[in-house]
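Let me begin by presenting the structure, written as structure tokens, before commenting on it.
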Amino acid sequence: MAINDFLPTTKEDMQRRGWEQLDFLYISGDAYVDHPSFGHAIITRVLESKGYKIGIIAQPNWRNTDDFMKLGKPRLAILISSGNLDSMVNHYTASKKPRSDDAYSPGGKAGYRPDRAVIVYCNRAREAYKDVPIIIGGIEASLRRFAHYDYWDNKVRRSILADSRADLLIYGMGEKQIVEVANALNEGKSVNEITWIAGTAYLTDNIEDLKSKSMLVPSYEEVRDSKKRYAEACKIQYEEQDPIRGKIIIQPHGDKYLVQNPPMMPLNRNELDTVYSLPYQRTYHPIYEEQGGVPAIKEVQFSITSSRGCYGSCTFCALTFHQGRTVQSRSKASIINEARNMTWHPDFKGYIHDVGGPTANFRNEACEKQIKHGACKTRQCLYPHPCKNLNISHKEYLDLLKELRDIEGVKKVFIRSGIRYDYLINDRNEEFFWELCQHHISGQLKVAPEHVSSEVLKRMGKPSKQVYQKFADKFYEINRKIGKKQYLVPYLMSSHPGSSLKEAIELAEYLRDIKYSPEQVQDFYPTPGTLATCMFYTGLDPRTMEKVYVPRSPKEKAMQRALLQYRKPENYELVYEALVKAGRRDLIGFGPKCLIRPKKGRNENALTRRKR
């Protein structure tokens, strides 16, 4: 790819285009990858398509202002994002240990962006250009727009708008918002006047005109000092994230008010098609070639995003707060065209790695009611059982996959993003299930039951163990009938709110019974913007205000994780300690139901009998 095919990253690039000044300067915490799986690529290409001049400074040196000034002062605004991940999630594991690599940086090396990147970048940008509006967006800004519990500081922080001193925050996917903001600025409006755009948030000292059409939630000071008030605020914030019925939410911060306008209406099919038809180079900028490129492109280069949004509403997932519960999908023609173009890539080997989105087998809105009235405020589409109004059909998705398989040069089309198994197993037409097993699995299908304990699944908003077992039985039945040896790989989570050692042992016993040893287990990670993080911090389920058990100590978390991988020799001591602590010595021994063997010289069964 030629440098001229990318957006400007240097003054020389601007000169080649004949530009003297940018309209917008975009600062990103990720390396510059011009692919629609990267937020900075979409927003900059959308602005470019509207005639605006935009340049990108990717992963600037934040220790001074030099990099922030290398493209000159922009005419309209500076746009800032931490990248595709929250910078703290990018830098630290669930146990708060520093990560040694970064898939979104050159050569996969860590250290190219600061902690709390949005705040740091805003401070440097303000230092460089005091009078230029600063607009923040992306996942880090979006999920921290209200006062929020911060796992890494273990305290409640103010809205990121207050901490960053940015002028405006765009939350959600942002394409519509950024164009409206750009047009308003271009028409000469001050950034402080831009208060009407859906999908944005701002700070103000006057809310008189908003009182009749808004909801006031507990203030930053209240949620900082009271966990009950935090949970109450979280519930309202969660329930109002709907573009049709959602209200303006106001949260006082000292002598200011944080105002969140209702979410922006999702893109319709034509609008989404247009976004994905923009002239992305679909790879990283050539400046990274000597460093080995940017690893994150490998996962997405030959994958196709077919949809956005998810009405699954798992409590540990931030999609409701970011992409929303309304599913949007691209047209078949748009996706087929992308696949055909993919076949001309010199590195394409005939395999499309994925066709999906947050949930691969969601292609349309949940029901007709959602289209007109928005997602239900206090009811979920799939939990605890599928709603009677839910439209369950895989026909459109299946037709798409069949056409993709028929493209010349395509050998195989895989589905690797999440299949919502509780949706699939309730489809009375089994054709998609059979086609999935026959054509779209590369030996293993990854699904996400996450747990089997009813107490934990209730807190997760996930279906019962019986639903997963019904799906698994059907999966293996179909594979047996078509003569294939394919396997389910269940994603499992340890230490989620609601899980004590009792529930962790229940999951370990289930793994024993199905003879499955997970290679990976995800510890619950309390990231901003999720109901489960609220449970972790407050010990309350904000939906019901019920008390929830929360495993907090590093030792208990380690024991819960070890229980799910009890067969690993290095986990023996932790598993032994957990079983003894939980009063389950009956699982230590030589019987078929035992998880581990006794320690040498000990007869655990005899000890258990004497104790009884």
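For the numbers below, each heavy atom of this structure counts, side chains included, while hydrogens, waters and symmetry mates do not. Position 1 is the first residue of the sequence, and the numbers go up from there.
Judged purely by distance below 3.5 Å, without hydrogens or angles, the side chains of Q380 and S313 pair a donor atom with an acceptor atom. No side-chain donor from either of Q251 and S159 sits under 3.5 Å from a side-chain acceptor of the other. A donor-acceptor contact closer than 3.5 angstrom is absent between the side chains of D523 and S495. The closest side-chain donor-acceptor pair between S87 and R116, if any, does not fall under 3.5 angstrom. Of the N and O atoms on the side chains of T533 and T530, at least one donor lies less than 3.5 Å from an acceptor on the other residue. Looking at Y421 and N361, their side chains never bring a donor and an acceptor atom within 3.5 Å of each other. D115 and Y92 are linked by a side-chain donor-acceptor pair at a separation below 3.5 angstrom, with hydrogens and angles left out of the test.
Salt-bridge check for E232 with R229: passed, with a basic side-chain N closer than 4.0 Å to an acidic carboxylate O. Between D67 and R124 there is no salt bridge, since none of the side-chain N atoms of the basic residue sits less than 4.0 Å from a carboxylate O of the acidic one. Salt bridge absent: K176 and E180 never bring a charged side-chain N and a carboxylate O closer than 4.0 Å. Salt-bridge annotation for E396 and R363: present, with a side-chain N of the basic residue lying under 4.0 Å from a carboxylate O of the acidic one. Note on R144 versus D86: salt bridge recorded, some NZ/NE/NH1/NH2 to OD/OE distance being below 4.0 Å.
Aromatic rings from F524 and F316 are positioned such that their centres are separated by 6.0 Å or more. Annotation: Y230 is not in aromatic contact with Y149 [ring centroid separation under 6.0 Å not met].
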*Take R45 and D34 through the test salt bridge (charged side-chain N to carboxylate O under 4.0 Å, His left out) and record every step on the way to the result.*
CA-CA 9 Å; R45 288 297 186 185; D34 192 27; 2.5 Å; yes
*Report the C-alpha separation of R459 and E546 in whole Å, then their side-chain angles, then the decisive distance to 0.1 Å, and conclude whether the salt bridge (charged side-chain N to carboxylate O under 4.0 Å, His left out) test is met.*
CA-CA 10 Å; R459 304 307 174 189; E546 295 174 326; 3.0 Å; yes
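The only member of L185, D167, I80, I78 that meets side-chain contact (heavy atoms from CB on, under 4.5 Å) when paired with I135 is L185. Applying the side-chain contact (heavy atoms from CB on, under 4.5 Å) test between L79 and each of I170, V181, L47, I56 identifies L47 as the sole match. Results of the side-chain contact (heavy atoms from CB on, under 4.5 Å) test with Q323 over L319, T326, V327 single out L319 as the only residue that passes.
You'll find the side chain of V259 reaches within 4.5 Å of the side chain of I250, heavy atoms only. Residues P262 and E240 fail the side-chain proximity criterion, which asks for heavy atoms closer than 4.5 Å. With contacts defined as side-chain heavy-atom distances shorter than 4.5 Å, the pair P252/E222 does not qualify. Counting heavy atoms from C-beta outward, Y121 and P60 have side chains that approach closer than 4.5 Å. With a 4.5 Å cut-off on side-chain heavy atoms, V275 and M173 do not count as touching. Using a 4.5 Å cut-off on side-chain heavy atoms (C-beta onward), R145 and Q237 make no contact. Looking only at side-chain heavy atoms (C-beta outward), E48 and K53 stay at 4.5 Å or farther from each other.
Taking the ring axis of F536 as reference, the NZ or CZ atom of R552 stays within 45° of it and closer than 6.0 Å to the ring centre.
Between the side chain of K155 and the main chain of R224, no donor-acceptor pair closer than 3.5 Å is present. Panel note: side chain E338, backbone I335; no donor-acceptor pair is recorded below 3.5 Å. In this structure, the side chain of D354 does not engage the main chain of S303 through any donor-acceptor pair within 3.5 Å.
Between A41 and V33, the closest heavy-atom pair is CB-O, 3.6 Å. Closest of all the heavy-atom pairs between N391 and Y423 is O-OH, 2.9 Å.
Ring pair F321/F146 is tilted by interplanar angle, where 30° to 60° counts as tilted. A perpendicular orientation is assigned to the rings of F38 and H35, their planes being inclined by more than 60° (bins at 30° and 60°).
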